[in-house]
Amino acid sequence: MTSPGWRPGPEPPAFESRQIASYLRRIREPLHVVTNRADGGRGLGIGGESVSAQAGYELTGTLPPMYPEWLGDRGFCEAHGVRFPYVAGEMANGIATARLVTALARAEMLGFFGAAGLGVAAIERAVAELSGALNGRPNWGVNLIHSPNEPELEGKVADLLLNRGVTAISASAYMRLTPAVVRCAAAGLTVDRSGRIVRPVRLFAKVSRPEVASLFMSPAPREMLSVLMARGQLTEDEARLASRVPVAEDVTVEADSGGHTDNRPLGAVFPAILAMRDELTARYGYPRPIRVGAAGGLGCPQGVAGAFALGAAYVLTGSVNQLAVESGVSDDARALLARADLADVTMAPAADMFEQGVKVQVLRRGTMFAVRAARLYETYRGYPSLDKIPADVRARLEADVLHATFDQIWAETESFWAQRDPDEIARADRDPQHRMALVFRWYLGKSSRWAIDGETSRRTDYQLWAGPAVGAFNRWTSGGFLAEPGERTVTQIALNLMEGAAVITRAHQARTYGVPVPAEAFTFTPRRIHG
Ligand SMILES: Cc1cc2nc3c(=O)[nH]c(=O)nc-3n(C[C@H](O)[C@H](O)[C@H](O)COP(=O)(O)O)c2cc1C
C-alpha cells in the first residue's frame, strides 16, 4: 500500500515512544502512519514520505493537519461568526465582565455577559459598553437568567436585550419556559427569499436535564405564543414561524459545574440529550440542525477533548474563567480559587432560590460560606418566623454567621427591596417566614459581593461559585506559564484548552491507527499562544 506520491522527507520515521510523542505535538503538519514490513510495527513519519518502500516501510495512512478550530461543529462557527467553537462568560453579578466578553469576542470566540443578579440599569450600561466596543460583531451576547422570584425583572431584562439589539442571548436556570424567554426566541423571525426562516436573535439554552432540553428543542407552545400575541409582544407572523422552529438552536448540556448544577457526569447526560435532539428533529422536521454543546467540569485539555469526542458542537467553560484577570472577582478571591483542588468544592444554598432548597456548587477550601449558609437554611426550615428562633440559636447566628443583628439586617434589606421590588416588603409583612428568608438571603447576596469586592475581613464568608473544573485547571497549570496569575487571561486559558484538546485528539487518532502512542502524548503543557 505504498503511495506513489510519497517522497523522502527530512525526518526519519519514529517508532520510539518519545519521538512518537514529539511528532504528535506537531498538529498542524500531516503525519504518516507507517508500518515496518519486517516486523509489522507501527510508527509515524513527518514531513512528507520520509520513509519509502525501499527502506522497508509501508504507508498505512495519513493524518491530515489538525486545528483546534476544527474540533467542533463548523456550522456553529459560521452561525455565530467565530473561529473557535468555544463559549465562555455568563457568570453572575457581572463576574463575566464586559472586558472579559470583549476579549473573547476579539479572539473570535463567543462571550456572554454575566447579567444575572444585576439590576436593569447595570445591564444596560454593560450592553452599551459592549455594543460600543464590539460594534457590529455577532459573537457576543448577554445571559438571561430565569428568575422565578422576580418574573418582572426577567421580563424587563428580555425587553432591554431585544430593544438594544443584542443578537445572542443565553437563557439559563429554566425549568419551564416563560413568556420572556419565548419572546427572545421568536422576536423578529422572518423568512428570506429562499424560504429559510431567519432568526435575528440566536437563543442559547443551558440545560442539565433531558426534560428541560426537550422544552427548548421543541417549538414554543401554542398557548404561550397566543398569550404573547394577545399582549402585542409578538406579531402573527412571528408566532406562526415560531411554531416551526425549536425555541433554541444552540443547547448547552451542562454537567457537574460551578453554580447551579445537577452534578451529573457529562458522559452520562450528554448522549441522552443528543439522542433527544435527534428524536425531536425528526419529529418536527426542522430544516436545520440543533447544535448541542457541552459544559461542566471542563478545566483541562483532556476534558475538552473528551467533550468533543462525545459529539459536542462546542464547549463552554465557566469556573476556570473566574481565575482570569478580566473576571470581576477580587484578586483575593482569585487567590483562594487558585489553591483549590478537585474535591475543594461543595453544594450550598442558592441565594436566588433559597426558599425552594435549590443549591449551587461553591468553593469550600478557605471559606466557611457553605457551612454557614447551610445553617441559615436549616434555621429557615425549622422555624416559622424570626421571632420563633430560640434566643441562643439567634445569638450564635448573629455573632458567628451574620456579624449583625436580625434587626440591622432587616433595616438594610428593607431599603434594598424598596428600590428593587417593593412587593417583596409587602409579602414579608404578610408572611413572617418570607421576612426570615429575606434576612437570610441578605447573607447569601452579601457573601458574593464580599468576594467580588475583596472584603478580606469577610474572607471566610466569600461565596465563590466553582466546580471540579477549577481543581482540574489548577493541577494542569501548576508550575507552568499559566500558574502565574497575571498570565491568566481568558483568551490564553481558552487557547490553551483548545490547543491542548487538539493535541490530545491527535494522540487518540494515532492510537486508533495502531500506533503505540505513549501516555505522555495525552498531556499538554500550557504555553503562550498567539491566536
Ligand atoms: C462564578 C460563576 C458564576 C456563574 N453564573 C452563572 C450565571 O449567572 N448564569 C449562567 O447561566 N451560568 C452561570 N454560571 C455557570 C457557567 O456559565 C458555566 O455554565 C459553568 O460554570 C460551566 O461549568 P464549569 O464551572 O464546570 O466550567 C456561573 C459559573 C460560575 C463559576
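Remember, it's a predicted structure, so these values are computed and weren't measured experimentally. One-based numbering, in listed order, for ligands and for the atoms of each.
Shown in contact with Gln322 at under 4.0 Å from a heavy atom are these atoms of ligand 1, numbered in order with element: 1 (C), 31 (C). Under a 4.0 Å criterion applied to the non-hydrogen atoms of Gly89, ligand 1 contributes the atoms 17 (O).
Only the backbone of Asp256 comes within 4.0 Å of ligand 1, judged by heavy-atom distances.
Counting only non-hydrogen atoms, the option in Gln463, Glu254, Lys206, Met91 that gets closest to atom 17 (O) of ligand 1 is Lys206. The closest heavy-atom contact to atom 21 (O) of ligand 1, among the options Gly299, Gly318, Ala116, Ala171, comes from Gly318. Between the choices Ser208, Ala205, Ser257, the shortest heavy-atom distance to atom 23 (O) of ligand 1 belongs to Ser257.
Note on Arg475 versus Asp341: salt bridge recorded, some NZ/NE/NH1/NH2 to OD/OE distance being below 4.0 Å.
Taking the six-membered ring for Trp, Tyr314 and Phe76 have ring centres closer than 6.0 Å.
Looking at ligand 1, you won't find any N or O of Trp465 less than 3.5 Å from one of its N or O atoms. Considering both main-chain and side-chain atoms, Ala295 never comes within under 3.5 Å of ligand 1 through any nitrogen or oxygen pair. For the pair Ser172 and ligand 1, the shortest N or O to N or O distance falls below 3.5 Å. For the pair Gly259 and ligand 1, the shortest N or O to N or O distance does not fall below 3.5 Å.
When all heavy atoms are compared, the tightest approach of Val490 to Ala103 is CG1-CB, 3.9 Å. Nearest heavy atom pair, residue Ala88 against residue Asn321, reads CB-ND2, 3.4 Å.
Checked by atom type and distance alone, the side chain of Arg375 never pairs as donor or acceptor with a backbone atom of Val401 at under 3.5 Å. In this structure, the side chain of Arg364 does not engage the main chain of Ala370 through any donor-acceptor pair within 3.5 Å. Not a single donor-acceptor pair under 3.5 Å links the side chain of Gln322 to the backbone N or O of Arg334.
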